[in-house]
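Inspection log for the structure reproduced underneath, given as structure tokens.
All ligand and atom numbering here is 1-based and tracks the order in the structure.
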Amino acid sequence: MVKVKTEEEIDLMREPNRIVRDCLTFVGERIRAGMTTKEVDTLVYDFIKASGAEPSCLGYCGYPASACVSVNEVVVHGIPDERVLEEGDIVSVDLCAYKNGFHGDGARTFCIGEVSEEKQKLVRVTEECFWKGIEGLKAGTPLYDIGYRVQRHAESNGFSVIRAYTGHGIGREMHEDPSVLNYGRKGTGPRLAKNTVICVEPMIAAGTYRVKVLRDGWTAVTLDKKSAAHYENTLVVREDGVEILTL
Ligand code: MF3
Ligand code: CO
């Protein structure tokens, strides 16, 4: 069931989402070659705590960290560890903050130093997929229009859409209805109601969209080991457009 938010609830959601936004900016300014993914996680934990929020990911279904730090062929849910970031890597950082009784959620993919043209294009197109996905989005839009637009943009650039993970509603729970697929048929799906809060998060791969989860139960990697990128914002569906809470 989709829990449409009241204006008061949306106001309460602004703060955790601003913290997510600012934390992603903070990480983006510091992430560099030589840092371990665990050090990235520490930046995230400290930032969220210092903001008076809780890192929602920590302990979520047993997840052991505050951020998902996913390097190159890792699509999502990379567990921070001693892996050292190297020049040429692309790294997606996905994090959630809990404050005021609500969650905020966002992700960015960062380039470490000089990266290949194909990786640069993948990172750029993944962000563009977000913007294409929400083009024209407003109350009354059929839900699967988002996925249709994301998929069309990804595939027209020679990339593929990860199917195994999706965006989602968000609020008092980190994951609420509806699931927000990154592929789909135009004009289908339930119509989005005004004041629905969703996370739109294209996960786009350079090669196959097929993934497998490693034995740690979390880390999702592409089957062909080619890179994937991730870009996510939390937004409110409004009468006449969207209000993005993590920008
Ligand atoms: N932040 C992720 C999302 O976009 C969820 C992370 S799963 C967790 O939905 F276990 F790490 F919390
Ligand atoms: Co999300």
Whether D41 side chain and A67 backbone form a donor-acceptor pair below 3.5 Å: yes
N, O or S of D105 under 2.8 Å from the Co ion (ligand 2): yes
Shortest-distance N, O or S atom of E232 relative to the Co ion (ligand 2): OE2
Sub-4.0 Å atoms of ligand 1 with respect to non-hydrogen atoms of C96: 1 (N)
Ring geometry between H168 and H175 (parallel below 30°, tilted from 30 to 60°, perpendicular above 60°): perpendicular
Atom indices of ligand 1, in the order listed, that fall short of 4.0 Å to a heavy atom of H168: 3 (C), 4 (O), 9 (O)
Sub-4.5 Å side-chain heavy-atom contact between I198 and L235: yes
Where ligand 1 meets M174 - atom numbers and elements under 4.0 angstrom, heavy-atom basis: 12 (F)
Geometric N/O contact Y60 with ligand 1, under 3.5 angstrom: no
Any W218 heavy atom less than 4.0 Å from ligand 1: yes
Face-on cation placement of K121 at F159 ring, 6.0 Å and 45° thresholds: yes
Under 3.5 Å donor-acceptor, E39 side chain and T36 backbone: yes
4.0 Å heavy-atom contact, C68 with ligand 1: yes
Heavy atoms of other groups near K132 NZ, more than 12 under 6.0 Å: no
Minimum-distance atom from the Co ion (ligand 2) among N, O or S atoms of E201: OE2
Top protein contact for atom 7 (S) of ligand 1, by heavy-atom distance: H77 NE2, 3.7 Å
Shortest protein heavy-atom distance from atom 9 (O) of ligand 1, along with the residue and atom involved: H175 NE2, 2.7 Å
E201 neighbourhood, listing ligand 1 atoms whose heavy-atom distance to it stays under 4.0 Å: 3 (C), 4 (O), 9 (O)
Note, D105 side chain near T246 side chain (heavy atom, < 4.5 Å): no
C199 near the Co ion (ligand 2) via N/O/S, less than 2.8 Å: no
Nearest neighbour in protein (non-hydrogen) for atom 3 (C) of ligand 1: D105 OD2, 3.3 Å
Close side-chain approach of N233 and I134, heavy atoms under 4.5 Å: no
Close side-chain approach of Y231 and R108, heavy atoms under 4.5 Å: yes
Of all N/O/S atoms in H168, the name of the one nearest the Co ion (ligand 2): NE2
Residue, atom name and distance, where the atom is the protein heavy atom closest to atom 2 (C) of ligand 1: D94 OD2, 3.1 Å
Min side-chain heavy-atom separation P142-R191 under 4.5 Å: yes
E232 N/O to ligand 1 N/O under 3.5 Å: yes
Whether T234 side chain and C199 backbone form a donor-acceptor pair below 3.5 Å: no
